[in-house]
Structures are given as C-alpha cells and as structure tokens.
There are 2 protein chains.
Amino acid sequence: MVTIKDIARESGYSVSTVSRVLNHRRDVSPAAKKKIEEVVAQYNFVPNNNAKHLKQSISKTIAILVKGTSNMLFADIVEEMQRMIEKTEYTAVIVYLDELDNEVQQAIQICWERKPLGLLFLGGNPDYFKEEFNKITIPSVLVTNQGAQLGFENLASVATDDIAAAECAIDYLIENGHQEIGIVGGDIDKSHTSAQRYEGCIRSFKKHHLTYDPASSYGRARFSFEDSYRAMGELLKKNQKLTAVFAMSDVMAIGAIRALKDHGCDVPKDISVIGFDGITLADYYNPKLATIKQQYKLLAKRSMEILMYQIEFKRAAVHEVIPFELVAGESVGRL
Amino acid sequence: MVTIKDIARESGYSVSTVSRVLNHRRDVSPAAKKKIEEVVAQYNFVPNNNAKHLKQSISKTIAILVKGTSNMLFADIVEEMQRMIEKTEYTAVIVYLDELDNEVQQAIQICWERKPLGLLFLGGNPDYFKEEFNKITIPSVLVTNQGAQLGFENLASVATDDIAAAECAIDYLIENGHQEIGIVGGDIDKSHTSAQRYEGCIRSFKKHHLTYDPASSYGRARFSFEDSYRAMGELLKKNQKLTAVFAMSDVMAIGAIRALKDHGCDVPKDISVIGFDGITLADYYNPKLATIKQQYKLLAKRSMEILMYQIEFKRAAVHEVIPFELVAGESVGRL
DNA sequence: CTGTTAGCGCTTTCAA
DNA sequence: TTGAAAGCGCTAACAG
C-alpha cells in the first residue's frame with residue numbers, strides 16, 4: 001500500500017506538505033501543489049481514514065443515524081438531507097441501525113471515532129436518550145420525534161405532531177361515517193411513536209363519544225408489509241363489524257389492504273383504510289392511499305437548518321413542529 | 001474520553017493485557033480478565049475503531065457494497081445476508097453507494113482501511129471492474145451481475161441470467177397475444193444490467209419475427225417510480241398502439257401502471273405490464289405484479305457460501321447462475 | 001511556504 | 001501469564 005510517506009519521498013516534499021495539499025490548504029506553493037498532486041494521481045494514493053480520524057480532533061462532518069433500514073419515509077428524508085449537505089462544505093456519515101438498536105450508544109461511539117460537528121437522529125427512543133444522551137455534548141437534532149420534554153440543551157427536534165396527526169386520521173374516518181374502526185400499529189410499550197399515535201386515536205374516539213376496544217380492534221405488528229398483513233387478517237376474525245382501519249404507516253396500510261382484498265373485501269367499498277407518512281409509494285398504489293402526509297422535504301430542510309444554526313452560530317436548540325397534511329387519496333369511502 | 005490506558009491504570013494491569021481481554025484472547029488469567037472487564041463496564045469504555053483498524057492487519061470482516069440506496073431488491077438481499085453473517089464469527093460492514101459511484105474504487109479504500117477478508121458487491125459496473133479490480137486481491141463475489149467474462153481469479157459471481165429472464169418476460173407477453181410491446185428501462189449505454197435485459201428482449205422479438213422500434217417504444221428512465229411514470233407517459237404519446245409494457249424493475253412497473261391509470265388505461269384490461277425483480281411489494285400491489293422473480297434469498301445464500309468457501313478453504317471463484325421464476329400475477333391480460 | 005516532531009489509541013512482537 | 005516498546009498513517013503545532 002502506498003502511504004503519505006511514499007508520496008512525500010517520490011515528490012521530494014515532506015509529509016506535512018503532502019498532508020497540506022491533501023487537505024486543500026492554501027499555505028502551499030503552486031509548484032508543490034502541482035507536483036504532489038501529480039504523484040498522488042500517479043500512485044493512485046488514497047489516504048487512510050482511520051489514521052486521519054484517529055488524529056484529527058474535529059472534522060466537518062455531520063453524522064446521520066437512521067433507525068430502521070426499511071423505513072421508506074426515512075429513506076426519503078435521508079436522500080433529501082444528503083442533497084442538502086452536498087451543497088455545503090460538510091460531509092455526511094450515514095449509519096443505518098436496526099429498529100431495536102440503541103441509537104444513543106451508537107452515537108456516542110461515532111462521536112468518539114469520527115468527531116462530527118453535529119448529529120441527526122432519524123427516529124429515536126426517548127428512553128435511550130434519557131439514559132445516556134447527557135454523554136453527548138455536540139449539537140443534535142431529533143427528527144420525526146418530539147424532544148422538548150427530554151430537556152437537553154443541545155438536542156433540538158423537528159417533528160410532526162403524532163398525536164394531533166393520528167387524531168386527524170381518525171376524525172377523518174368518523175366524518176366519513178365510520179364508527180367501527182380498527183387500528184394496525186406498533187407495540188405501544190416499546191415504540192414511542194406508536195404510543196403517541198395511539199393516544200391521538202383515543203382522543204378522537206373520546207371527542208366523538210365512541211368506545212374503542214383494543215382487545216378486538218388493535219392489531220399489533222412490526223412496520224412491514226408481511227406483519228401488517230398478518231395482523232389485519234387476525235383483526236378481521238376478531239371483529240367482523242369493522243368498516244375502517246387506521247394503519248400507523250403507509251407500508252402497514254398496504255399490507256392491510258392486501259389482506260382485506262385476499263379476504264374478499266374491497267377497499268374502499270367494503271372497508272376503508274387510511275395510512276400514515278405519505279411516502280412516495282402512497283401516490284403510486286391502487287387505490288391511492290388516504291394518508292397523513294409528513295412533509296419529508298420540510299422535515300429534512302428544517303432539521304439541517306436548525307443543526308447548522310446550532311453549529312455555526314451556537315444558537316439554542318429549538319423544538320419545531322412541522323404541520324402534517326391529510327391526503328384524501330382513494331382508499332377511504334363515505335358510509 | 002476514556003481510553004485503553006485509563007482502563008490499564010484503573011485495573012492495575014498493562015495496556016497489552018487489557019487489549020488481550022478486549023479481543024477475547026485466552027492467554028489471560030481469569031483474575032485479570034475479571035478485573036479488567038469490571039473496570040471496562042464501570043467506565044463504559046468503548047474502544048476506538050480507528051486506532052484498532054489502523055493497527056490491525058486483518059479482521060474477521062466481510063464488506064458489503066450496495067449500489068443504489070433505493071433498490072428494493074438489494075434491500076431484501078442485504079437483510080438476508082446480515083441475518084446469515086450474524087450466525088457466524090464474522091462481522092459485516094455495509095456501505096451504500098449511489099447508482100453512479102465507482103464501487104471498485106470504494107472497495108479499494110475499504111480494503112485499505114478495514115482489511116476485510118471478503119467483499120460482496122451488490123450490483124456493479126463491469127467497466128469499473130475492468131479498470132481496477134486487479135488492485136483487489138481478496139475473495140469477492142459479484143451479486144446479481146454475471147462476472148465470468150471479466151476473468152478475475154478472485155471474483156466469483158452469483159446472478160440471474162438477465163438476458164434469458166428478460167427474454168422470458170417478452171415471450172410471456174407474446175404468448176398472451178401481445179405484439180406491440182413497449183419497454184421502460186435504464187440507460188443501455190451506462191447500465192450493464194439494462195443492456196443485458198434489453199438484449200433478452202431483442203432475442204425474443206427476433207425469435208417471434210416481430211420488429212421492435214426503440215425510437216417509438218423504448219422509454220429510458222432511472223429506476224424510480226417518478227421517472228418511470230414520466231417515461232411511460234411519453235411512451236403513450238409516441239406509440240398509441242401499445243398493448244403491453246415490459247418494465248425493467250418492479251418499481252418501474254409500478255410507476256408505469258400509475259401513469260397508465262392516470263391516462264385512463266386499465267391494467268391489465270387495456271394494457272398489460274410485466275416487471276422484473278420480484279420484490280416483496282410486487283405481491284402487495286394492485287394488481288399483483290406479473291414479474292420475473294429473482295430469488296433473493298437464494299442469491300444471498302449462495303453468495304455468502306461461495307465467499308466463505310473462497311476465504312476459508314481457498315476454493316476457486318465460481319460463477320453461478322440462479323434460476324429465475326416467472327410470476328404470473330394479475331397485471332398481464334390475454335389479448 | 002516548508003520541514004521536524006510528537007503523538008492520536010490501539011495491537012503486536014519480543015522478552016521476561 | 002504479563003509488560004515494555006515499537007509502530008500503524010496521518011495531522012498539527014512549532015520552528016525555521
């Protein structure tokens with residue numbers, strides 16, 4: 001392997017000068033720059049990032065921690081963030097974690113190894129934050145989860161109001177004449193997001209003086225097509241009176257719709273379905289999904305802006321709520 | 001930050017002994033092991049991977065390079081591979097690249113930095129391999145692309161026969177009475193996979209003595225819903241006689257179907273559509289997608305096995321073709 | 001503008 | 001079974 005030393009020897013300059021050229025510093029003579037760049041190209045030299053990061057105390061890096069590989073909303077947000085970061089002098093490090101991983105622990109390790117200037121959490125479990133986020137001192141933003149109540153000075157948040165949004169979804173179903181409503185959602189004890197959305201549902205039921213029986217009308221599932229399909233099938237057996245279903249993600253809604261069709265129910269003629277997230281696919285599905293659209297571009301934009309403000313102007317961490325949109329789609333019918 | 005030195009000092013042992021414990025070596029006394037592990041836990045010590053990899057000459061690591069973040073087939077394959085690697089003593093490093101990035105250059109850097117024992121390429125451009133794969137000497141497997149003709153001794157491949165599969169798709173359309181067939185696919189000059197699939201199409205047309213005019217019947221698009229939607233719309237204007245469309249990926253097929261519906265065409269009544277890949281979503285879509293299913297689990301399994309054989313038994317790189325399956329679905333109608 | 005020098009945190013001989 | 005010491009490749013003072 002060719003190292004910086006080899007380049008120094010071959011170019012006739014010292015390692016420090018080579019290092020300077022490599023890092024685009026301007027205190028190098030054009031001649032040195034030219035010569036060194038030639039040698040670098042000739043030897044196809046690639047610097048070793050381990051050594052670089054081991055030594056470097058800071059780097060113009062933003063780390064993005066994405067929780068859940070198959071979360072299509074996050075995929076859309078990450079793409080948008082990358083596009084934004086590319087235009088700046090910063091570099092993005094993207095780390096994908098399993099839904100179950102501890103994102104805060106991972107973040108600590110990343111801080112330790114890559115010394116980023118800021119952190120962006122796509123999804124996160126408040127419990128993990130309570131436990132050890134205090135070990136993180138750099139500016140951070142929690143995206144799609146509200147973080148105000150956590151009370152960390154360096155943790156901002158940009159999120160949709162999950163409670164209000166879920167309430168809106170159920171309102172919409174009720175406005176359309178539905179009274180027997182099923183819910184397909186995550187594990188309320190383990191997923192904070194699911195718990196929030198569940199609370200929104202309950203609020204709507206209460207407001208409309210409807211009773212809701214989780215035992216017969218809540219289908220717990222992971223956020224995947226397959227598991228939502230299973231949950232919907234079970235729900236159908238437990239409660240034959242259902243006329244509408246709220247799924248806590250669009251992916252779940254699609255799994256549920258497939259289950260309904262396979263059981264001979266038409267959507268929306270027999271049973272209505274409304275999803276959550278507003279991923280690109282929702283518009284491409286048949287029927288077009290009724291859904292609560294999280295404005296992913298705005299979520300991405302504001303998160304980055306708030307992070308940059310914290311980093312560059314040492315502004316305080318703020319907690320911003322991004323408005324959601326109800327998308328009517330074609331999957332909800334009037335009763 | 002707490003380093004290995006701190007642990008050494010606090011535990012009363014030397015850094016080398018701590019290092020041994022950290023790496024689960026057996027030449028340490030139980031007493032030392034116990035004491036050091038206690039201190040590590042107490043201080044919440046996390047080793048710095050930069051330093052570790054900088055020094056370590058090999059690691060039980062397999063690197064997976066994934067080309068295209070939003071490729072749903074790859075997502076399925078990666079998940080399967082991770083599941084397999086978890087059961088072994090190896091660790092996976094997964095790197096997501098843009099569709100346009102040079103995966104071989106990235107791989108060289110990763111070898112240099114992480115010293116993996118093997119490489120798995122999900123998708124790849126043969127041109128990049130011809131250019132500099134010779135710089136890579138560790139066992140590697142090219143997944144979903146055939147690599148036999150590249151002729152590298154350390155590069156195996158596990159792939160679907162794209163030519164035969166695409167030919168099969170067109171055959172199926174023709175068998176169902178279609179003669180005016182459109183294609184929505186990638187850039188044949190830049191995407192080797194697209195070129196292969198295109199060749200399969202042409203073979204089928206020739207075999208059936210049909211003429212195909214790319215100018216009026218080929219819609220070039222990126223592998224996304226949106227771009228395929230656009231391409232299908234244009235195709236519809238250029239050629240009103242189309243009765244069927246072959247899309248080079250399921251994502252493209254879905255984009256095309258949406259475009260058709262928005263132009264008032266029913267699928268499959270007015271126009272039939274067949275996709276490619278057989279992603280999970282294909283089964284959940286309405287209509288269920290007719291598609292060429294790549295057996296992603298088998299692709300993942302054989303790739304890993306072949307790589308392991310190369311690494312552990314120094315077996316030669318083999319080139320394996322995984323059979324595809326035609327899934328009838330509901331999106332192709334008989335004319 | 002350039003070179004010398006001292007580490008970053010860890011692994012790995014080599015001796016003891 | 002343990003410890004001392006020599007770097008891995010690079011950056012960042014500091015001095016020239």
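Quick caveat, the model's predicted, so the values are computed rather than measured.
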**Prompt:** Relative to the ring of A:Tyr96, is the ring of B:Tyr96 parallel (under 30°), tilted (30 to 60°) or perpendicular (over 60°)?
**Reply:**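 Rings of B:Tyr96 and A:Tyr96: tilted, 30 to 60°.
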Distance, rounded to the nearest Å, where [X] contributes [atom1] and [N] contributes [atom2]:
X	N	atom1	atom2	result
A:Lys35	C:dG3	NZ	P	14 Å
B:Tyr13	D:dG3	OH	P	7 Å
A:Leu22	D:dA12	CG	C1'	15 Å
A:Arg9	C:dG3	CZ	P	15 Å
B:Asp27	C:dA15	CG	C1'	15 Å
A:His53	D:dG9	NE2	P	17 Å
A:Ile7	D:dC10	CD1	P	9 Å
B:Asn50	C:dG9	CG	C1'	9 Å

Nearest listed nucleotide, side chain of [X], among [options]:
X	options	answer
B:Gln56	C:dG9, C:dT11, D:dA12	C:dT11
B:Arg20	D:dC10, D:dT2, C:dC1	D:dT2
B:Ser19	C:dT12, D:dC10, D:dA13	C:dT12
B:Thr3	C:dG9, D:dC10, C:dT2	C:dG9
A:Lys55	C:dC10, C:dT2, D:dG9	D:dG9
B:Asn48	C:dT11, D:dG9, C:dG9	C:dG9

Return yes if a side-chain donor-acceptor contact under 3.5 Å exists between [X] and [Y], otherwise no.
X	Y	value
B:Thr17	B:Ser14	yes
B:Tyr296	B:Glu80	no
B:Ser191	B:Thr193	no

**Message:** For B:Lys34, I'd like to know if atom NZ has over 12 heavy atoms of other residues, nucleotides or ligands within 6.0 Å.
**Reply:**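 No, the 6.0 Å shell around NZ holds no more than 12 heavy atoms from other groups.
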**Prompt:** Can a donor-acceptor pair under 3.5 Å be found between the side-chain atoms of A:Ser16 and the base atoms of C:dT5?
**Reply:**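 A donor-acceptor contact between them is absent.
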**Prompt:** If each of B:Pro30 and B:Val15 is mapped to the nucleotide of DNA chain D with the nearest heavy atom, which maps nearer the 5' terminus, i.e. the 5' end?
**Reply:**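 Its nucleotide being nearer the 5' end, the pick is B:Pro30.
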**Request:** Tell me which of B:Ala51 and A:Lys52 sits closer to the 5' end of DNA chain D, going by the nucleotide each one is nearest to.
**Result:**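 It is B:Ala51, whose closest nucleotide lies nearer the 5' terminus.
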**Message:** Under 4.0 Å, counting only non-hydrogen atoms across every strand here, what does B:Asn49 touch: a base, just sugar-phosphate, or nothing?
**Reply:**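 Touches nothing.
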Look at [X] and [N] and indicate whether a side-chain polar atom (N or O) is within less than 4.0 Å of OP1 or OP2.
X	N	result
A:Ser14	C:dG3	yes
B:Arg25	C:dT11	no
B:Thr17	D:dT1	no

**Asked** Is there a donor-acceptor contact under 3.5 Å from the side chain of A:Asn48 to the main chain of B:Glu113?
**Response**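 No, because the side chain of A:Asn48 does not come within donor-acceptor range (under 3.5 Å) of the backbone of B:Glu113.
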